[in-house]
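Below is one structure, written out as structure tokens; comments come after it.
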Amino acid sequence: MKSNIYLFTKLMLIEEDVFTYNDIAKKASISNKTIRNSIKDIIDLMSKYNISIEKSPGIGIKLHGDKKDRLKCFKECETQIVNSNEIPSKIRQIVIIYLLLNGKRSLTIGRLENILYITRPSIYNDLKIVDNFLNYYGIKINKTRKNGISIVGGEKRIRHALLDLSFKILEYSDNSYTFSSELNSFYRSIKSRNSNEYKLIKEFILKLVKYTNSTITNSDLNRATIFMIIAFERIKDNRYVSLNLETINKVKNKKLPEFINDNIFKLTNTFHLEVTNEEIVYISAQLSSYITSSYENLFEESSNPELLVKVIEEYYNYLLNYIQKFDLKFFKDCLFPFLEKTMQKYNFEYDCYNPYTDLIKNTYIDLYQLAEKINMFTDKYLYTKLPEGAIASITLVLVNLREMYISKTVCALVSQEHVFKNQLIISILKNNIPNIEIDCFENVDYLNTDYDLVFSTFEIHNDKIDIIQIPPVINDEFLILLNKQLHELRNNKKSGFFKN
């Protein structure tokens with residue numbers, strides 16, 4: 001029996017209620033037709049474990065069987081999948097991503113059919129997953145009848161995607177890629193930690209850590225080493241990073257430590273590579289993300305904390321003209337580390353893009369416009385303006401501020417009930433309403449109109465604030481209605497976040 005049958009059966013076994021062929025097809029990354037063609041074999045397999053399939057047209061599929069039998073069948077499926085020689089969908093997707101990122105020519109559907117031994121509908125399903133993966137890095141898939149499938153994206157983004165893909169590749173054993181000579185070769189280059197290349201690169205990074213009095217974790221050391229292996233592979237193919245003129249001029253005005261220059265050149269000469277000054281800058285900036293920030297100061301103009309604080313404080317005062325007052329300390333705590341890191345990266349044109357910039361701009365139009373105003377102060381004190389990707393990230397800081405302002409509900413409980421009953425009321429409300437604070441008073445005279453609303457155990461009136469009367473028994477129905485009212489209250493607060 002084909003391993004696909006075991007995979008489809010396993011996916012059905014973990015469904016708790018009614019499901020459809022489409023549900024299973026999406027999870028398996030194959031076509032609906034493939035599932036339908038396999039259903040006879042699936043029924044035969046399940047019947048061995050006393051599990052029956054009930055199919056209801058227009059409704060879906062439901063399984064009937066004892067839980068113990070389901071577990072036995074599930075275990076059998078897992079065993080058969082592990083022992084199978086067929087190519088699982090996740091491996092297929094890794095192969096397609098690798099061939100696109102590292103290929104020198106476009107891919108065709110026909111070529112993928114020959115490599116992966118599957119039909120076109122299944123390839124199209126795999127390509128949807130591949131497209132989602134590449135979109136995260138700002139890399140687009142381009143499909144044409146004449147040229148096939150190719151990608152559009154900068155070299156830095158391709159290297160980022162390759163680095164993350166390498167860790168997905170390492171999750172599987174080497175025999176998973178024997179059908180693809182290109183991927184199998186790449187797998188061995190990043191897997192073989194005993195290879196001369198791996199050892200030399202690792203020694204270089206450890207020397208760098210020691211020289212800069214920094215620290216590095218084992219996982220980051222592994223990640224940095226694999227990054228450099230990928231970088232060297234790309235340089236061999238003449239795919240080096242070309243920095244823009246502004247960045248090159250900045251680099252010329254800074255003298256990189258002789259240690260970096262000498263050792264990178266020694267290392268690359270060992271591998272018979274010709275590395276440009278631009279490549280050294282790029283590699284140095286990338287490595288800085290794996291070891292402590294003290295390393296970054298060797299390559300980048302050290303950020304002046306006082307100037308960054310000045311930027312934040314003036315930006316904060318500017319925002320108070322447009323939005324409700326919020327805590328300056330909290331704002332500094334959120335924005336300072338982000339702004340510091342952004343400025344360091346921006347000096348190197350490194351990783352400042354945000355793949356969700358357009359989405360953020362369209363979703364939070366008003367807040368994005370306010371976030372852009374920080375450039376008035378970065379230009380004044382730091383002589384630079386932040387790119388759109390960084391502005392989009394600052395927008396999310398403002399979104400977080402607004403959400404905190406909206407979600408927090410401050411209430412008063414006015415009650416003459418026994419203290420134990422009051423504590424019970426407060427406990428029930430806090431357990432059923434998120435982000436609520438309640439102060440308890442014995443008399444209406446203590447009512448403070450700064451509260452969002454007031455709960456009362458007896459009938460009182462106030463024109464300035466909503467008053468919710470607590471029923472003798474707080475049941476589920478009351479809590480549902482209360483949460484609806486609080487939802488309206490939060491929507492009103494949302495519109496009141498901006499000053500008129």
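- Partners of Lys484 by salt bridge (charged side-chain N to carboxylate O under 4.0 Å, His left out), not counting sequence neighbours: none found.
- Separating the NZ atom in Lys385 from the CE atom in Met376 is a distance of 10.0 Å, to the nearest 0.5 Å.
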task: Please test Ile394 against Leu386 for side-chain contact (heavy atoms from CB on, under 4.5 Å), starting from the C-alpha separation and ending with a verdict.
output: CA-CA 10 Å; Ile394 292 174; Leu386 301 181; 3.8 Å; yes
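- Taking Glu54 as the reference, nothing meets the salt bridge (charged side-chain N to carboxylate O under 4.0 Å, His left out) condition, with sequence neighbours excluded.
- In this structure, the separation between OG1 on Thr9 and CG on Leu45 is 4.5 Å, given to the nearest 0.5 Å.
- Applying the side-chain contact (heavy atoms from CB on, under 4.5 Å) test to Asp23 and every residue at least two apart in sequence or in another chain returns Phe19, Thr20.
- Atom CD1 in Ile425 sits 10.0 Å away from atom CZ in Phe455 (nearest 0.5 Å).
- The environment of NE2 in His487 is sparse: at most 12 heavy-atom neighbours from other residues, nucleotides or ligands sit within 6.0 Å.
- Within 6.0 Å of atom NZ in Lys62, more than 12 heavy atoms from other residues, nucleotides or ligands are found, so the atom counts as buried in its surroundings.
- The closest donor-acceptor contact from the side chain of Asp379 to the backbone of Asn375 lies at 3.5 Å or more, if one exists at all.
- If you check the side chains of Ser122 and Asn125, you find no donor sitting under 3.5 Å from an acceptor.
- Between the side chain of Asn400 and the backbone N or O of Leu396 there is no donor-acceptor pair closer than 3.5 Å.
- Checked against side-chain contact (heavy atoms from CB on, under 4.5 Å), Asn142 has the following partners two or more places apart in sequence or in another chain: Thr144, Ser150, Val152.
- Atom OG1 of Thr395 and atom CD of Gln369 lie 10.0 Å apart (nearest 0.5 Å).
- Using a 3.5 Å distance cut-off with no hydrogens or angles, the side chains of Tyr451 and Asp439 do pair a donor with an acceptor.
- Annotation: side-chain contact (heavy atoms from CB on, under 4.5 Å) contacts of Arg402 (sequence neighbours excluded): Tyr364, Leu367, Ile406, Lys494, Phe497, Phe498.
- Remark: Tyr368 pairs with no residue by the ring-ring contact (aromatic ring centres under 6.0 Å, His included) rule, at least two apart or across chains.
- When every heavy atom of Gln469 is checked against every heavy atom of Phe478, the shortest pair comes out as O-CE1, 4.0 Å.
- Here Asp69 contributes atom CG and Asn50 contributes atom CG; the two are 5.0 Å apart, rounded to the nearest 0.5 Å.
- Ring planes of Tyr315 and Tyr318: parallel class, angle under 30° (limits at 30 and 60°).
- The distance from atom CE of Met12 to atom CG of Leu63, rounded to the nearest 0.5 Å, is 7.5 Å.
- With Leu486 as the fixed residue, the side-chain contact (heavy atoms from CB on, under 4.5 Å) test singles out one of Asp452, Thr409, Asp466: Thr409.
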